[in-house]
2 protein chains.
Amino acid sequence: MLTIGTLSKKTGTKVQTIRYYEQIGLMPEPGRTEGGQRRYDNAQLDRLSFIRHSRQLGFSLDAIRELLDLSDHPNRSCHEADAIARRQLKQVDQRMARLKALRTELKRMVHECSGGRTGDCKVLEVLRDHSECLTEHEEIGA
Amino acid sequence: MLTIGTLSKKTGTKVQTIRYYEQIGLMPEPGRTEGGQRRYDNAQLDRLSFIRHSRQLGFSLDAIRELLDLSDHPNRSCHEADAIARRQLKQVDQRMARLKALRTELKRMVHECSGGRTGDCKVLEVLRDHSECLTEHEEIGA
DNA sequence: GCTTGAACCTCTAGCTGCTAGAGGATGTAT
DNA sequence: ATACATCCTCTAGCAGCTAGAGGTTCAAGC
């Protein structure tokens with residue numbers, strides 16, 4: 001039986017985050033001691049590791065909820081899991097493409113900075129005038 | 001003189017967002033009609049465009065605050081603006097590197113999916129067991 | 001001048017995915 | 001018995017918006 005602190009260390013998840021996952025129903029309610037402290041078993045350790053790893057791969061908590069559900073039913077078709085992963089891959093591809101465009105723009109800005117007064121600063125000038133941009137980058141939150 | 005709605009259309013910023021920027025002090029308090037409606041001039045249009053464009057390039061609102069401040073003082077050295085842009089570029093580079101690692105992993109997951117039962121699903125298996133990963137990807141929020 | 005209706009106003013609450021802190025109870029080692 | 005690390009719940013906060021309720025104002029058409 002693991003305390004929440006031990007689980008925290010083993011998975012690299014903050015204690016507060018574990019409680020948060022329980023609150024939103026991603027982690028099941030664990031057993032408690034007489035005094036009311038949470039105690040976890042290995043199944044729960046596995047589940048949290050799964051969540052953690054999925055987060056590291058960028059899956060949203062909603063997607064993880066679906067993936068966990070699929071994982072709990074080994075006889076269903078894995079078609080859905082595959083679809084979720086593909087969706088995630090697509091998102092990553094899109095984000096990378098956007099970042100690439102931003103990078104180009106940023107590089108150009110920095111490259112052209114002559115180190116003089118802010119009045120002549122290329123960095124600020126580019127920010128002032130979108131028309132100077134070589135690439136389109138309409139989306140925010142890349 | 002522009003209404004908030006016109007400003008919104010011209011900059012592609014939602015009306016609520018413009019009011020939010022005013023609330024946090026990123027946009028100045030505009031003039032008002034007798035009835036209390038906001039009216040903007042071209043200086044404010046420029047300022048919002050600057051903010052918008054900076055957001056598109058991924059700058060945080062705090063960074064933008066600094067950049068705006070620098071932009072308001074044309075005689076200062078542009079060293080700081082350059083530093084902010086370089087910092088941003090570095091962040092973009094880091095995010096891209098992380099995304100690249102994630103992409104590799106996701107691609108592998110999806111590629112190995114055989115389309116059978118979830119019990120044998122490679123996607124879920126990889127999520128279950130981090131040790132199967134070829135790359136490290138410790139950071140979240142890539 | 002009057003009516004209509006789109007656009008404006010303020011205020012509050014919500015989103016994702018946590019994180020931090022207050023104020024107090026529990027568990028374990030000595 | 002005592003110390004003190006860890007646990008508990010609860011509330012509020014972070015970025016950066018977004019949405020909705022409930023009410024007012026503006027401008028155009030008649």
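Letters A, B, ... are given to chains in the order of the sequence lines, protein chains preceding strands, and every chain is numbered from 1.
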- C/dG17 phosphate, OP1 or OP2: any side-chain N/O from A/Tyr21 under 4.0 angstrom? no

- Whole angstrom value for the distance that separates P of D/dC10 from CD of A/Glu22: 12 Å

- Considering only D/dC8, D/dG16, C/dC9, which nucleotide approaches the side chain of A/Arg19 most closely? D/dC8

- Could you check A/Gly35 against A/Gln23 and say which one's nearest nucleotide on DNA chain D is further toward the 5' end? A/Gly35

- Phosphate OP1/OP2 of D/dG16: any B/Thr17 side-chain N/O under 4.0 Å: no

- Task: Using a heavy-atom cut-off of under 4.0 Å over every strand shown, decide if B/Ile4 touches base, sugar-phosphate, or nothing.
- Result: sugar-phosphate

- Grab the CZ-P distance between A/Phe59 and C/dT16 for me, whole Å please. 18 Å

- Message: Hydrogens and angles aside, do A/Arg19 and A/Gln16 bring a side-chain donor and acceptor to less than 3.5 Å of each other?
- Response: yes

- Message: Could you check whether A/His111 and A/Arg108, counting side-chain N and O atoms only, form a donor-acceptor pair closer than 3.5 Å?
- Response: no

- Using only side-chain N and O atoms of B/Arg32, determine if any of them is under 4.0 Å from OP1 or OP2 of C/dT10. yes

- Does a side-chain heavy-atom distance below 4.5 Å link B/Gln56 with A/Leu102? no

- State which of C/dC8, D/dG16, C/dT19 makes the closest approach to the side chain of B/Leu61. D/dG16

- Note on the structure: Quick note, B/Tyr20 side chain, CB onward, closest among C/dG17, D/dA19, D/dC17 is D/dC17

- Task: Using atom CG of A/Asp62 as one end and atom C1' of C/dC18 as the other, report the distance to the nearest whole Å.
- Result: 15 Å

- side-chain contact (heavy atoms from CB on, under 4.5 Å) partner of A/Tyr40, the single match among A/Leu48, A/Ile18, A/Thr3: A/Ile18

- Query: Does A/Thr3 have a side-chain nitrogen or oxygen under 4.0 Å from the phosphate oxygens OP1 or OP2 of D/dC7?
  - Reply: yes

- Taking it one step at a time, do A/Arg47 and A/Asp41 satisfy salt bridge (Lys or Arg N to Asp or Glu O under 4.0 Å)? CA-CA 10 Å; A/Arg47 195 177 174 93; A/Asp41 58 23; over 6 Å; no

- Task: Round to the nearest Å and state the distance from A/Ile64 atom CD1 to C/dT16 atom P.
- Result: 13 Å

- Task: Find the distance A/Met1:CE to D/dT6:C1' and express it as a whole number of Å.
- Result: 18 Å

- Item | Options C/dA20, D/dC7, C/dG17, nucleotide nearest the side-chain atoms of A/Gln16 | C/dA20

- Item | Rounded interatomic separation in angstrom, taking CD from A/Gln56 and C1' from C/dG17 | 15 Å

- Charged N-O contact under 4.0 Å between A/Glu125 and A/Arg128: no

- Query: DNA chain C: A/Glu34 or B/Gly5, which has the more 5' nearest nucleotide?
  - Reply: B/Gly5

- For DNA chain C, what residues of residues 36-44 of chain A have any heavy atom nearer than 4.0 Å? A/Gln37

- Query: Between B/Lys90 and B/Asp93, is there a side-chain N and carboxylate O pair less than 4.0 Å apart?
  - Reply: no

- Note on the structure: Rounded to whole Å, CG of A/Leu26 lies from C1' of C/dG17 at a distance of 11 Å

- Message: If you compare every side-chain N and O of B/Thr33 against the phosphate oxygens of C/dC8 (OP1, OP2), does one of them come in below 4.0 Å?
- Response: no

- Item | Atom-to-atom span, CZ of A/Arg52 to C1' of C/dG17 - whole angstrom | 11 Å

- Item | A/Glu29 bridged to A/Arg38 by N-O distance under 4.0 Å | no

- Message: Please tell me if B/Arg55 has a side-chain N or O lying less than 4.0 Å from either OP1 or OP2 of D/dC17.
- Response: yes

